[in-house]
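Structure first, then comments.
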Amino acid sequence: MDFSAVSSALKAIGELTQEVTSLWGVDVQVEGLASELRWMQSFLKVADARKVDNDMIRTSVVEIRELAYDAEDVIETFALKVASKRKGGFSNCIKRSACFLKEGCLLHQIKSEIEKITARIKELTRQLKTYDVSKFGVDAEGPSSSTVRREARRPYPHVMDDNIVGLDDDVKKLVTVLLNDQSECRTTLAKKIYHHSQVIDHFKHLVWVYVSQHCQTRKVWEDILSDLLILCEEDRKMKVEKLAKKVSSFFEKNKCLMILDDVWNIEAWDSLKPAFSARETKSKILLTSRNKEIVSHADKNGFLYELRCLNYKQSWELFQKIVFPQTNSPGYKIDAKMKELGEGMVKHCAGLPLAIIILGGILATKYPSLTKWLKVSVNVKSYFKIDKGQVLKDVQFPEDYEIPVDRLIQLWIAKGIVSSKQEEGDEGLIAEDVAEGYLMELAERCMIQVRERDIATLKMRSFQMHDLMRDVCLSKAKQEKFFDIADQSNACQLSTIGRVRRVSVHKFISLQCIKSPRLRTLLLFDEFLPKEEYAKLLPLTMRSYYDNHEDEFFNPLVWFVMLLGVSMLSIKYMGLWKNMFNNFNFLRVLEYERGRGAGCKLPKDIGKLIHLRLLSLRDLEFLRMENRLYSGLFHVPNVLWRLHQLRHLYLPKQCSRKTKLKLGTLRNLQTLVNFNTKNCYVKDLINMTNIRELEIRGPFNIEDFNTEELDKNPPIIQSKYLHSLSIINDEGRMDPRHLAHLLLSCENISKLSLDVEITRLPEYHYLSSNLAYIKLRRCELEEDPMSTLEKLPNLRILEFRYRAIIGKEMFCCGQAFAKLESLSLKYLPNLEEWKVDERALPSLRRLEIENCRELKKLPDGLRFIATLQELKIESMPKTFKDRVEEGGEDFWKVQHVPSIIFQDCK
């Protein structure tokens with residue numbers, strides 16, 4: 001049950017009483033409000049613990065949330081308009097004296113609003129007290145059909161699940177049918193068929209395309225051509241009729257198996273079928289769908305195959321594979337009591353594979369604790385409901401979007417959905433750790449699908465939600481009025497709603513349509529002002545004249561028209577920004593993803609958004625007209641220092657020269673991206689004691705730097721939490737001494753990425769012993785860096801990219817790189833010889849060599865690396881490939897490697 005709004009309101013009250021020495025005028029009202037909110041919080045926690053679920057409680061939760069938000073709005077209004085002006089100093093005293101009457105009116109208004117909210121809460125409290133939540137049982141309801149549907153996951157044909165039971169007979173039957181008829185089946189079965197040896201041998205081409213709920217016909221056809229490796233740039237500009245004909249012609253002439261996965265409705269099939277119109281062909285189509293009527297509509301003679309539930313024996317076998325993977329080991333025996341509990345819980349799954357997978361994922365994390373299993377057994381039904389999955393109702397991302405974990409966690413915390421004391425026992429964890437734990441549990445329950453893991457820490461980096469799961473969560477969010485998704489279809493409706501607090505703009509709308517002063521979250525996934533929109537702002541005669549004279553570069557009138565147009569657009573952009581910053585004072589999250597033109601500068605009004613926790617400007621670009629640049633770089637005013645609550649700041653990739661930001665007051669900052677010394681001050685970094693991730697883009701020069709005695713220079717960073725450092729600079733060389741001093745301050749980092757010319761690496765003692773991942777690009781190292789890097793005890797992944805090394809030799813000696821698992825050598829144009837000692841790289845599992853065209857041969861020492869599982873050679877000369885292939889001069893060095901991949905070697 002969600003009580004984050006109440007917690008957030010109480011937190012705001014607590015912070016206000018700490019920051020403001022006196023609540024004179026509203027102290028009694030604020031304390032009364034806090035008392036009522038604490039009772040509400042206690043009630044919700046008890047109801048949540050008892051799994052109470054009835055109409056009265058559900059309705060009350062929505063009302064409680066709105067009341068809590070209203071309370072927080074009032075408290076933050078006090079902080080914004082009254083408390084912030086009660087600071088000391090002569091100038092503030094003068095200003096307060098001049099505005100005394102205005103402050104008195106504000107106090108009266110705020111006091112009145114607090115009393116109204118408290119009265120509403122008391123009335124709701126009176127109603128809720130008639131409900132004794134302790135009398136409600138823990139097994140209030142069983143899983144509904146919509147709850148079970150939540151567990152669906154988006155499929156990928158190359159990802160095969162080892163935990164598949166009960167499909168062998170189905171596969172045999174369908175493979176036989178497939179070689180003769182058009183077929184339909186569901187995704188898991190389709191994957192088995194896709195990888196079946198008979199199918200692979202029978203068809204010349206296999207194509208898998210995911211259709212999804214919102215079928216985009218052109219994209220599906222382009223994906224088919226791309227999968228067949230026959231998509232060219234002209235096809236993207238081709239009319240859809242010709243595109244369909246190209247697909248149809250290929251299928252008619254070749255023997256292909258086309259798998260269209262997750263076709264939702266008949267309309268989707270009708271839009272796709274022109275590409276499969278060939279009448280005489282050996283190609284076959286296999287559809288997977290939740291709707292069996294699609295098959296009879298597509299082909300009355302088509303073969304329909306419906307999946308069955310597992311019998312009990314198959315259910316138990318699947319359960320064992322997930323929970324007791326050691327059962328294949330000789331002599332392994334399952335504890336009798338746990339087996340008894342497991343068998344009882346499996347019966348609740350009624351043969352549904354997804355239900356078994358969810359239950360198995362939960363129990364696997366609690367094995368071998370009998371106590372925890374008993375607890376799950378008692379509440380087995382409730383485990384099919386989303387509890388921590390409540391946080392997933394914050395699905396403001398577009399469909400099929402690959403959601404970055406860091407970004408989602410930042411949003412949760414900025415919105416107050418997750419806090420450091422969300423659960424009993426979590427007091428020692430900061431909010432980011434609590435949120436990460438929630439996501440891990442959701443992944444274990446198969447409620448989200450992990451798409452990418454961090455190569456250094458193996459933590460989840462991104463995930464996706466199946467469209468059914470997303471639909472369920474959207475429905476839950478709509479029911480609880482949690483947020484609104486804005487587009488052209490509901491823009492007018494949004495303009496009449498005054499209580500919108502979270503808005504996600506997937507397709508462009510004018511932000512002036514959003515009238516809510518209470519808005520807290522604004523996510524922009526489309527362009528700030530699309531090209532077709534800003535074209536409308538310019539008079540037709542101006543656009544026509546410019547289009548007709550665009551090539552007359554030295555025509556003064558063309559320049560005048562061009563500059564006039566830029567000025568008009570700049571004024572429009574400035575108006576949009578000002579409207580946002582002046583009307584949405586309570587924003588906590590402002591994220592602008594798509595980039596492109598957003599004017600020439602931000603107005604100073606952004607400094608009014610003192611409640612911001614997350615500000616992302618990284619994709620902002622300066623104003624453009626067509627494909628030509630007509631203005632300077634983007635300017636950010638020096639007002640961000642006022643945003644004391646900021647935890648995550650993403651600056652634009654490039655700012656104008658006059659941008660100079662003071663950021664030393666941002667002590668809560670955890671993420672800082674696109675920092676540079678041209679627009680910011682190095683000395684401010686030392687105040688950011690909570691910084692976890694730092695990305696420097698552009699020059700990094702330290703003023704008044706003692707080049708003779710490096711240890712005499714003051715430290716740059718004092719955060720013990722910093723784990724990731726990236727430096728990207730294409731504006732010139734970085735002084736290695738400045739880099740060394742910076743790295744000396746980063747004693748706990750585990751990830752280091754250098755994309756900058758430095759000519760030589762700092763000495764070993766400047767590097768953190770915790771480094772697990774290092775990527776070097778464009779460093780142009782003249783000396784072999786291996787003698788330095790080999791000493792890092794925890795290094796697991798090492799990547800050399802474009803011109804990282806310009807030397808001719810590289811040597812891995814002795815017992816170097818004890819824990820290194822992955823090594824990449826990409827585009828090292830001067831590398832001629834690489835030597836590996838027989839005791840070096842003892843843990844290496846993956847080796848990638850790409851575009852190192854001067855490299856003559858593989859090192860002899862590779863034959864001693866028994867752990868090597870994969871060798872990938874890409875864009876190397878054919879002579880190099882011939883040496884490594886079976887029968888070649890170097891094959892004896894890698895003949896023990898299970899997987900050797902060649903790509904584009906000519």
Side-chain angles (χ1 to χ4, degrees), residues 158-159 451-458 461 751-755 771-781 784-786 789-790 792 794-812 816-837 840-886 888-906:
H158 66 283
V159 180
R451 297 300 308 130
E452 184 181 2
R453 291 191 180 275
D454 188 283
I455 57 177
T457 63
L458 299 182
R461 288 192 64 180
K751 295 176 63 178
L752 175 63
S753 176
L754 300 178
D755 187 351
L771 278 169
Y773 167 74
I774 293 179
K775 180 173 77 173
L776 304 178
R777 183 177 183 273
R778 292 192 303 113
C779 296
E780 303 207 352
L781 300 174
D784 181 6
M786 293 306 204
L789 299 175
E790 68 184 16
L792 296 172
N794 295 298
L795 189 61
R796 291 179 42 246
I797 295 99
L798 178 58
E799 298 181 3
F800 294 107
R801 300 291 180 91
Y802 179 77
R803 296 185 65 83
I805 302 172
I806 57 174
K808 296 183 178 181
E809 295 182 349
M810 191 166 68
F811 182 40
C812 300
F817 300 104
K819 293 186 179 179
L820 194 71
E821 296 176 5
S822 176
L823 175 62
S824 297
L825 310 176
K826 296 187 177 183
Y827 206 94
L828 307 179
N830 300 335
L831 184 63
E832 296 179 0
E833 186 176 14
W834 176 30
K835 297 179 181 179
V836 175
D837 189 89
L841 305 168
S843 304
L844 192 68
R845 298 178 59 84
R846 186 175 186 273
L847 172 61
E848 188 173 8
I849 302 174
E850 178 183 338
N851 221 335
C852 301
R853 303 190 71 85
E854 296 300 316
L855 186 63
K856 300 296 188 291
K857 62 178 182 178
L858 289 174
D860 295 349
L862 292 184
R863 63 192 176 100
F864 299 108
I865 306 176
T867 56
L868 192 58
Q869 298 295 308
E870 181 182 316
L871 170 62
K872 183 178 181 181
I873 296 174
E874 183 176 351
S875 300
M876 293 292 285
K878 187 176 184 302
T879 53
F880 189 91
K881 175 188 176 184
D882 293 341
R883 289 182 64 100
V884 180
E885 282 186 313
E886 188 170 358
E889 298 174 63
D890 285 352
F891 180 69
W892 64 280
K893 304 173 185 177
V894 292
Q895 60 184 350
H896 62 290
V897 180
S899 175
I900 301 178
I901 302 167
F902 296 98
Q903 189 172 332
D904 297 328
C905 294
K906 33 186 156 175

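Please read all numbers here as calculations on a predicted model, not as lab measurements. Side-chain atoms are counted along with the backbone in the values below, which use heavy atoms only and exclude waters and symmetry mates.
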Please answer whether the main-chain N or O of Glu889 pairs with a side-chain N or O of Arg883 as donor and acceptor at a distance below 3.5 Å. no

Is it the case that the side chain of Arg853 and the backbone of Ser875 share a donor-acceptor pair, with hydrogens and angles ignored and the cut-off at 3.5 Å? yes

Before accepting this row, confirm whether a basic side-chain N of the pair [X]/[Y] lies closer than 4.0 Å to the acidic partner's carboxylate O.
| X | Y | answer |
| --- | --- | --- |
| Lys775 | Glu799 | no |
| Arg845 | Glu821 | no |
| Lys857 | Asp890 | no |

For the atom pair [atom1] ([X]) and [atom2] ([Y]), what is the distance rounded to the nearest 0.5 Å?
| X | Y | atom1 | atom2 | answer |
| --- | --- | --- | --- | --- |
| Leu792 | Leu820 | CG | CG | 10.0 Å |
| Gln903 | Lys881 | CD | NZ | 11.0 Å |
| Ser824 | Glu874 | OG | CD | 10.5 Å |
| Glu870 | Ile900 | CD | CD1 | 10.5 Å |
| Phe880 | Glu885 | CZ | CD | 11.5 Å |
| Phe891 | Glu886 | CZ | CD | 4.5 Å |

Identify, with sequence neighbours excluded, every residue that meets salt bridge (Lys or Arg N to Asp or Glu O under 4.0 Å) alongside Arg863. none

For residues [X] and [Y], determine if any side-chain heavy atom of one lies less than 4.5 Å from a side-chain heavy atom of the other.
| X | Y | result |
| --- | --- | --- |
| Val836 | Asp860 | no |
| Leu752 | Leu776 | no |
| Phe817 | Leu789 | yes |
| Met786 | Leu798 | yes |
| Ile849 | Leu858 | yes |
| Pro785 | Phe800 | yes |
| Leu871 | Glu848 | no |
| Leu862 | Leu847 | yes |

Should Leu795 and Tyr773 be marked as a side-chain contact (heavy atoms from CB on, under 4.5 Å) after you check the CA-CA gap, both sets of side-chain angles, and the distance that decides it? CA-CA 6 Å; Leu795 189 61; Tyr773 167 74; 5.7 Å; no

Looking at [X] and [Y], what are the two nearest heavy atoms and their distance?
| X | Y | answer |
| --- | --- | --- |
| Ser843 | Ala818 | OG-O, 2.7 Å |
| Cys812 | Leu841 | SG-CD1, 4.4 Å |
| Cys905 | Ile873 | SG-O, 3.6 Å |
| Pro842 | Ala816 | CD-O, 3.7 Å |
| His896 | Ala866 | CD2-CA, 4.3 Å |
| Leu844 | Thr867 | O-OG1, 2.6 Å |

Give every donor-acceptor pair under 3.5 Å between a side-chain atom in residues 827-835 and any protein atom, sequence neighbours left out.
from	atom 1	to	atom 2	distance (Å)
Asn830	ND2	Ile806	O	2.9

Assess the residue pair Gln869 and Ser899 against the criterion (side-chain contact (heavy atoms from CB on, under 4.5 Å)); give the C-alpha distance rounded to whole Å, side-chain angles, the decisive distance to 0.1 Å, and a yes or no. CA-CA 6 Å; Gln869 298 295 308; Ser899 175; over 6 Å; no

With a 6.0 Å cut-off (strictly less than), is the heavy-atom count around NZ of Lys826, excluding the residue itself, greater than 12? yes

Starting from the C-alpha separation in whole Å, work towards a yes-or-no answer on side-chain contact (heavy atoms from CB on, under 4.5 Å) for Lys872 and Arg846. CA-CA 8 Å; Lys872 183 178 181 181; Arg846 186 175 186 273; 4.1 Å; yes

